[in-house]
A.B. asks: 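Here it is, the structure in full.
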2 protein chains.
Amino acid sequence: MEMNNAVTSLSALAQESRLEAFRLLVRAGPEGLPSGDVARALNVPANTVSTHLSILTRAGLVSSRRDGRHVIYQANLGGIRKLIDYLLADCCQGDPELCGSLLEQLTPHC
Amino acid sequence: MEMNNAVTSLSALAQESRLEAFRLLVRAGPEGLPSGDVARALNVPANTVSTHLSILTRAGLVSSRRDGRHVIYQANLGGIRKLIDYLLADCCQGDPELCGSLLEQLTPHC
DNA sequence: TCCAATATTCTAGAAACATGGAAATGAATA
DNA sequence: TATTCATTTCCATGTTTCTAGAATATTGGA
């Protein structure tokens, strides 16, 4: 991942409604949720949510598929993974000794 | 972590110079770097970098200590860890079956 | 074909943010 | 104390982003 992608992903998440939309989709799992459900859950107008979801999509954090009249969005955890990799690249110059003291445990749950 | 902290952390990183400053400190490891070194490495005026570092500090992503005339900053990976936890909370409603298909491997290196 | 449901694009005013010069602060040294 | 170095705070400016109303697709069903 290069810097601009990282900035795009981080900017996409650095906004309340979009962050909540993303987390909602993370919770929903691979089935995903239609745009309208996201709008209702977040209590935000449909057009605003649509903009949010398109920003998350451009950032590679969610993807979508059409199902009849619905467009179903789902979280793309690969996008988050790449972001984390970028953030922590060459951590402690790669020295595991040093790294340990900083990292403690960085292992995500789930 | 609550939402506002997450937004603060994400906003702090969602900006080129700050993102690079953070990554530089991640690379530097526990020893950290003085503010001036960060400014030179990023080729950004000292006062601008100082603002950047204070934003990262408020976000809990870096910490600092004074050493003589220098103020030495270091990455605080615990801050990143909390952020990741928040982003992925209740992933797939906690169902490991579903989760697997989304996660593949989310384990960071280092 | 016509209508209802769902989602997206366009737009612009309001709000928030980024930047860097100048001045101020804090710390070491002569 | 005076001087220098390192960093921070103050502030004005220009830029970007957020939001939601209105208009425009797109799809399925009567």
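Chain naming here is simple, since letters A, B, ... match the order of the sequence lines and numbering starts at 1 in each.
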A.B. asks: Can you tell me the distance, in whole Å, between the CG atom of B:Asn43 and the C1' atom of C:dT19?
C.D. replies: 14 Å
A.B. asks: Where the side chain of B:Arg69 is defined as all heavy atoms beyond and including C-beta, which of D:dT4, C:dT9, C:dA5 is the nearest nucleotide?
C.D. replies: D:dT4
A.B. asks: Over how many whole Å does the gap from B:Arg66 atom CZ to C:dA27 atom C1' extend?
C.D. replies: 6 Å
A.B. asks: With respect to the phosphate group of D:dA6, does any side-chain polar atom (N or O) of B:Tyr73 fall under 4.0 Å of OP1 or OP2?
C.D. replies: no
A.B. asks: Of all the nucleotides listed (C:dA18, D:dC5, D:dT8), which has the minimum atom distance to the side chain of B:Ile55?
C.D. replies: C:dA18
A.B. asks: What nucleotide, of D:dA20, C:dA22, D:dT7, holds the atom closest to the side chain of B:Pro34?
C.D. replies: D:dT7
A.B. asks: Measure the shortest side-chain to side-chain distance between A:Lys82 and A:Ser9 over non-hydrogen atoms and say whether it is less than 4.5 angstrom.
C.D. replies: no
A.B. asks: Taking only side-chain nitrogens and oxygens of B:His52, does any of them come within less than 4.0 Å of OP1 or OP2 of C:dT19?
C.D. replies: yes
A.B. asks: To the nearest Å, how far apart are B:Leu19 CG and C:dA18 P?
C.D. replies: 13 Å
A.B. asks: With a 4.0 Å cutoff (strictly under), does any side-chain N or O of A:Ser35 reach OP1 or OP2 of C:dT8?
C.D. replies: yes
A.B. asks: Taking the nucleotide of DNA chain C with the nearest heavy atom to each, does B:Ser17 or B:Asp67 sit closer to the 5' end?
C.D. replies: B:Ser17
A.B. asks: Identify whether any heavy atom of A:Thr48 sits under 4.0 Å from a base atom; if not, whether one sits that close to sugar-phosphate; answer base, sugar-phosphate or nothing.
C.D. replies: base
A.B. asks: Take the protein atom CZ of A:Arg58 and the nucleotide atom P of C:dT9, then report the distance between them rounded to whole Å.
C.D. replies: 10 Å
A.B. asks: What is the distance, rounded to the nearest whole Å, between atom CG of A:Leu10 and atom C1' of C:dA18?
C.D. replies: 17 Å
A.B. asks: Can you identify which nucleotide, out of D:dG28, C:dT8, D:dT8, has its nearest atom closest to the B:Ser50 side chain?
C.D. replies: D:dT8
A.B. asks: Is there side-chain contact between A:Leu87 and B:Val26, with at least one heavy-atom pair below 4.5 Å?
C.D. replies: no
A.B. asks: Please determine whether a side-chain nitrogen or oxygen atom of B:Gln15 lies at a distance below 4.0 Å from atom OP1 or OP2 of C:dT19.
C.D. replies: yes
A.B. asks: What are the two closest heavy atoms between B:Ala12 and B:Leu61, and how far apart are they?
C.D. replies: CB-CD1, 4.2 Å
A.B. asks: Counting side-chain heavy atoms from C-beta on, which of D:dC18, D:dG28, D:dC5 comes nearest to A:Arg18?
C.D. replies: D:dC18
A.B. asks: Hey, does the side chain of A:Arg18 reach the backbone of A:Ser11 with a donor-acceptor pair shorter than 3.5 angstrom?
C.D. replies: yes
A.B. asks: Without decimals, in angstroms, what is the distance between A:Leu56 CG and D:dC18 P?
C.D. replies: 11 Å
A.B. asks: Could you tell me how far apart B:Asp37 (CG) and D:dA6 (P) are, to the nearest whole angstrom?
C.D. replies: 10 Å
A.B. asks: Provide, to the nearest angstrom, the distance between the CD atom belonging to A:Glu20 and the P atom belonging to D:dC18.
C.D. replies: 15 Å
A.B. asks: Between B:His70 and D:dT7, is there a contact of a side-chain N or O with OP1 or OP2 at under 4.0 Å?
C.D. replies: yes
